[in-house]
Amino acid sequence: MQKRVVLAYSGGLDTSVAIRWLAQQGYEVIAATVDVGEQQKNLDAVAEKALRVGAVDARVIDAKTEFCEEFLVPAIAANALYQGRYPLATALARPLIARHLCRIADESGAEAISHGCTGKGNDQVRFDVAIETLRPGTRIIAPAREWGLTREEEIAYAQEHGIPVEATVQSPFSVDANLWGRSVEGGVLEDPWQAPPEECYAWTKSPKLATSEELLVSFAGGVPVALGGDELPLPALIAQAAQAAGSAGVGRIDLLEDRLVGIKSREIYEAPAAVALIAAHQELEFLTLPRELLQHKTSIEQAFAQVVYNGQWFSPLRAALSAYLRETQQAVTGEVRLALAHGQAVATGRRSPQAVYDQSLATYSAGDRFDHTAAVGFITIYGMQSQAYAKAQSKAKATAHAG
Ligand code: ARG
């Protein structure tokens, strides 16, 4: 029987060339396109192209709901932002894609799995670590890491083999996109001094031309469940939030980033839904979680973002962090009103049946229930050690002077 390989196929030039290259190595290629919600892409046409270019089978897997429930829900709970800014769209989707590749490899008896990542990025690490963890013994083939073709040689190879190139070569940028955001790099963006040109954006209006709107987001147990009072399944909710926030210019991120492999790179992200929903979620946490939990949780949030970025989704550490995060979200139920304007998402109101905020404790007006006399004893104890230290210091100084 001929050897078989499952290839993560996007329809772009790299993975199209990879189909032909793998076939030349004697493989039967099964192209797998995992739909994690990239807009404006006709996935049937992608599958057709895979077959035309030489795959023996082409599958499209709708993984949008799975992506939301299993990957984005914990990311929202973690307010997950790598380096404080990047909502991790690409990083969150890779382990899910890898899992589908492994499943298809099992079902079709493939000995190998292939992806189009180069040897310079994080994505190769995310794919390889996930595949090695989920399906030990699989042969992993990353043609772009092995063949050493320049862009020009790749195009020549494609033309020679009748692989369509036009549409893919036109874009000067390398783009990866899913429901949670778009990642854009390459071309003029490689000069970190150059301002990103308007063409690198597709989901957001320039904040200068943006409209302003208000968005009411409802959460149940840390999960966004409704927009403007209308309940929506998560994939639809995220798409709608992206629309609203994108029109207001929210979610443009220009990041000089540290890759796991040690390279610094400049990437532009567009993540209107992620930026708006995380802002709303965090605001609701401020209302519903006690101070000590909020403070402690920030360290877990950072650890979670790091682990996801570094391709350790299928690690026991990530599972443990997710369990912690899940435990914290029970009370995160309620509504946040966001003002979306001039590229910013700002909370202007929050309410919850589980608020820790208590107006009768906070008020300066009638109805105050706070026992003011209790403050005095608290302050005595709270300041005790600083006072004692200051006293000891001044005594030591006085003794030194006297001596
Ligand atoms: N730097 C981002 C990450 O490591 C995105 C990588 C893919 N970007 C791209 N433009 N193809 O998660």
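Atoms within each ligand, like the ligands themselves, are counted from 1 in listed order.
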Could you label the plane-to-plane angle of the Tyr269 and Tyr86 rings as parallel, tilted or perpendicular, counting under 30° as parallel and over 60° as perpendicular?
parallel
One finds that the ligand 1 atoms under 4.0 Å from a non-hydrogen atom of Ser183 are 5 (C), 8 (N), 9 (C), 10 (N)
Between ligand 1 and Arg259, can you find any atom pair, the residue atom being a heavy atom, that is separated by under 4.0 Å?
no
I would like to know whether Lys264 and Leu256 meet side-chain contact (heavy atoms from CB on, under 4.5 Å); could you show each step before the answer?
CA-CA 7 Å; Lys264 279 189 186 287; Leu256 199 298; 4.0 Å; yes
Tyr269: heavy atom below 4.0 Å from ligand 1, yes or no?
yes
Top protein contact for atom 8 (N) of ligand 1, by heavy-atom distance
Glu267 OE2, 2.8 Å
Report yes or no: does Ser174 have a heavy atom closer than 4.0 Å to ligand 1?
yes
Closer than 4.0 Å to some heavy atom of Arg126 - which atoms of ligand 1 meet that?
3 (C), 4 (O), 12 (O)
Asp176: which of Arg94, Lys41, Arg126 passes salt bridge (Lys or Arg N to Asp or Glu O under 4.0 Å):
Arg94
Under 4.0 Å, counting heavy atoms only: does Phe173 come that close to any atom of ligand 1?
no
For atom 12 (O) of ligand 1, the option (of Tyr82, Tyr86, Tyr309) bearing the nearest heavy atom
Tyr86
I'd like to know whether CD of Gln24 has more than 12 heavy-atom contacts from other residues, nucleotides or ligands below 6.0 angstrom.
yes
Region of Glu185 that comes within reach of ligand 1 [heavy atoms, distance under 4.0 Å]
both
Any N or O of Asp123 that comes nearer than 3.5 Å to an N or O of ligand 1?
no
Would one find more than 12 heavy atoms of other residues, nucleotides or ligands at under 6.0 Å from atom CD of Gln83?
yes
Quick one: does Thr90 get an N or O within less than 3.5 Å of an N or O on ligand 1?
no
Do other residues, nucleotides or ligands put more than 12 heavy atoms under 6.0 Å from Lys3 NZ?
yes
Considering only heavy atoms, which of Arg182, Arg266, Glu257 lies nearest to atom 1 (N) of ligand 1?
Glu257
Arg259 to Tyr309, cation-pi by 6.0 Å centre distance and 45° axis angle
no
Looking at Gly119, is its backbone amide N or carbonyl O close enough to the side chain of Arg145 to form a donor-acceptor pair, meaning the two atoms are under 3.5 Å apart?
no
Which of parallel (below 30°), tilted (30 to 60°) and perpendicular (above 60°) describes Trp313 and Phe304?
perpendicular
Atoms of ligand 1 close to Asn122 [distance to a heavy atom under 4.0 angstrom, numbered from 1]
3 (C), 4 (O)
